[in-house]
Amino acid sequence: MPHDVGAVRDIYAHHVLHGTGTFELAPPDEPEMAARIEAVTTAGLPFLVATDGVGVLGFAYAGPYRPRPAYRFTVEDSVYVHPEATSSGLGRRLLQEVLHRCEGQGVRQVIAVIGDSANVASVRTHEKCGFTHVGTLRAVGWKFERWLDTVLMQRELGPP
Ligand SMILES: CC(C)(COP(=O)(O)OP(=O)(O)OC[C@H]1O[C@@H](n2cnc3c(N)ncnc32)[C@H](O)[C@@H]1OP(=O)(O)O)[C@@H](O)C(=O)NCCC(=O)NCCS
């Protein structure tokens, strides 16, 4: 993983600078990305990187949803695919594997906080992985000189 940090950071930086899937405005640098990965893995949660043997094509992970301890069985997922590798099934495969690993860790609920309402690729990817729409927060973000919604989706894991 450590040798992939730069490539993971570059994919994320592209989506920060050109997309609304994340509400960050300035890309994190490599040490900050390394610290985020470390925080996820130290919490016992999955941070997955997909490669084709030559370069990194995408990544996905689950982090704690909120810090208060009663939320400890709930996580929030994130998935980002290299701009030249989208729409080839990778996002869906990454997310499915994150869900599988989370289930193995005893996670019960996975929340997707999707920016923004027009992010059909992310909404469809989550739907295909069994998430259902649970709400929309209207105009909570301001990026690229416009207001953005977040779409909340949820997937239950484990026995009902
Ligand atoms: C969202 C993202 C991770 C999806 O990954 P992907 O590899 O492009 O998606 P997949 O090829 O796995 O597609 C999964 C499903 O979504 C659908 N889909 C993907 N892109 C789509 C698009 N632009 N419009 C409509 N449907 C789309 C696919 O048809 C597929 O459904 P299917 O299995 O019925 O064919 C990727 O597009 C991405 O990195 N987007 C920018 C960053 C982002 O928004 N990340 C999510 C943050 S919440």
Side-chain angles (χ1 to χ4, degrees), residues 1 4-30 32-33 35-37 39-41 43 45-66 71 74-103 107 109-157:
M1 163 63 74
D4 290 334
V5 173
V8 166
R9 183 261 168 209
D10 290 347
I11 291 171
Y12 185 63
H14 171 89
H15 292 300
V16 169
L17 293 173
H18 302 287
T20 55
T22 166
F23 279 16
E24 284 200 83
L25 301 177
D29 60 15
E30 209 172 304
E32 168 61 20
M33 185 58 77
R36 293 182 190 188
I37 295 169
V40 168
T41 55
L45 291 167
F47 195 115
L48 308 181
V49 177
T51 73
D52 62 358
V54 179
V56 172
L57 300 180
F59 64 95
Y61 63 94
Y65 172 58
R66 299 186 83 176
Y71 285 116
T74 299
V75 299
E76 179 178 337
D77 77 273
S78 293
V79 54
Y80 292 90
V81 170
H82 189 289
E84 288 171 14
T86 54
S87 300
S88 58
L90 180 60
R92 182 179 179 171
R93 289 203 303 278
L94 277 166
L95 185 54
Q96 274 170 340
E97 186 59 25
V98 163
L99 295 176
H100 178 67
R101 307 264 183 118
C102 283
E103 195 157 25
V107 170
Q109 301 291 341
V110 186
I111 309 297
V113 182
I114 297 171
D116 64 306
S117 297
N119 194 343
V120 182
S122 184
V123 170
R124 290 268 186 278
T125 299
H126 283 87
E127 282 174 350
K128 292 290 174 181
C129 290
F131 285 72
T132 54
H133 181 265
V134 290
T136 300
L137 301 176
R138 299 277 174 214
V140 289
W142 175 258
K143 188 174 182 181
F144 303 143
E145 301 301 312
R146 61 190 175 95
W147 292 109
L148 300 172
D149 302 338
T150 53
V151 177
L152 304 178
M153 299 185 77
Q154 183 168 0
R155 165 74 144 82
E156 189 169 301
L157 297 177

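Side-chain atoms are counted along with the backbone in the values below, which use heavy atoms only and exclude waters and symmetry mates. All ligand and atom numbering here is 1-based and tracks the order in the structure. Because the structure is predicted, anything quoted here is derived from the model rather than measured.
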Restricting to heavy atoms, the pick from Ser78, Gly58, Ala121 nearest atom 23 (N) of ligand 1 would be Ala121
Check each of Ile11, Thr86, Leu57, Thr125 against atom 37 (O) of ligand 1 and report the one with the nearest heavy atom.
Thr86
[X] neighbourhood, listing ligand 1 atoms whose heavy-atom distance to it stays under 4.0 Å:
{"X": "Ser122", "result": "1 (C), 46 (C), 48 (S)"}
{"X": "Arg124", "result": "16 (O), 17 (C), 26 (N)"}
{"X": "Leu90", "result": "7 (O), 12 (O)"}
{"X": "Gly21", "result": "44 (O), 47 (C)"}

Answer yes if a protein heavy atom lies under 4.0 Å from [atom], otherwise answer no.
{"atom": "atom 30 (C) of ligand 1", "value": "no"}
{"atom": "atom 47 (C) of ligand 1", "value": "yes"}
{"atom": "atom 35 (O) of ligand 1", "value": "no"}

For [X] and ligand 1, does the shortest N/O to N/O distance drop below 3.5 Å?
{"X": "Lys128", "value": "yes"}
{"X": "Val113", "value": "no"}
{"X": "Ile114", "value": "no"}

Val151 and His126: side chain to side chain contact (heavy atoms under 4.5 Å, CB included), yes or no, with the steps?
CA-CA 11 Å; Val151 177; His126 283 87; over 6 Å; no
Identify the protein heavy atom lying closest to [atom], giving its residue, its atom name and the separation to 0.1 Å.
{"atom": "atom 5 (O) of ligand 1", "answer": "Gly91 CA, 3.3 Å"}
{"atom": "atom 11 (O) of ligand 1", "answer": "Gly89 N, 2.6 Å"}
{"atom": "atom 38 (C) of ligand 1", "answer": "Val81 N, 4.0 Å"}
{"atom": "atom 45 (N) of ligand 1", "answer": "Val79 O, 2.8 Å"}
{"atom": "atom 42 (C) of ligand 1", "answer": "Tyr80 CD2, 3.5 Å"}
{"atom": "atom 40 (N) of ligand 1", "answer": "His15 CE1, 4.2 Å"}

Spatial distance of atom [atom1] ([X]) from atom [atom2] ([Y]) [nearest 0.5 Å]:
{"X": "Lys143", "Y": "Leu25", "atom1": "NZ", "atom2": "CG", "answer": "6.0 Å"}
{"X": "Thr125", "Y": "Leu90", "atom1": "OG1", "atom2": "CG", "answer": "10.0 Å"}
{"X": "Arg146", "Y": "Asp116", "atom1": "CZ", "atom2": "CG", "answer": "5.5 Å"}
{"X": "Glu103", "Y": "Glu156", "atom1": "CD", "atom2": "CD", "answer": "10.0 Å"}
{"X": "Phe47", "Y": "Ile37", "atom1": "CZ", "atom2": "CD1", "answer": "4.0 Å"}

Any donor-acceptor pair under 3.5 Å linking the side-chain atoms of Glu24 with those of Tyr12?
yes
Can you tell me if NE2 on His133 sees more than 12 non-hydrogen neighbours from other groups inside 6.0 Å?
yes
Would you confirm whether Arg155, through its side chain, and Cys129, through its main-chain N or O, come within 3.5 Å as a donor-acceptor pair?
yes
Are the side chain of His15 and the backbone N or O of Val81 linked by a donor-acceptor pair below 3.5 Å?
yes
Step-by-step side chain to side chain contact (heavy atoms under 4.5 Å, CB included) determination, Val113 to Phe23:
CA-CA 10 Å; Val113 182; Phe23 279 16; over 6 Å; no
Should the pair His18 and His14 be assigned to parallel (<30°), tilted (30 to 60°) or perpendicular (>60°) ring geometry?
tilted
I'd like to know whether ligand 1 has Ser87 as a neighbour, heavy-atom separation below 4.0 Å.
yes
Heavy-atom contacts under 4.0 Å between [X] and ligand 1: side chain, backbone, both, or neither?
{"X": "Asn119", "value": "side chain"}
{"X": "Val120", "value": "side chain"}
{"X": "Arg92", "value": "both"}
{"X": "Ala112", "value": "neither"}

Contact check, side chains of Pro64 and Tyr71, non-hydrogen atoms, under 4.5 Å
no
I'd like to know if Glu97 and Arg101 make a salt bridge, using a cut-off of under 4.0 Å between side-chain N and carboxylate O.
yes
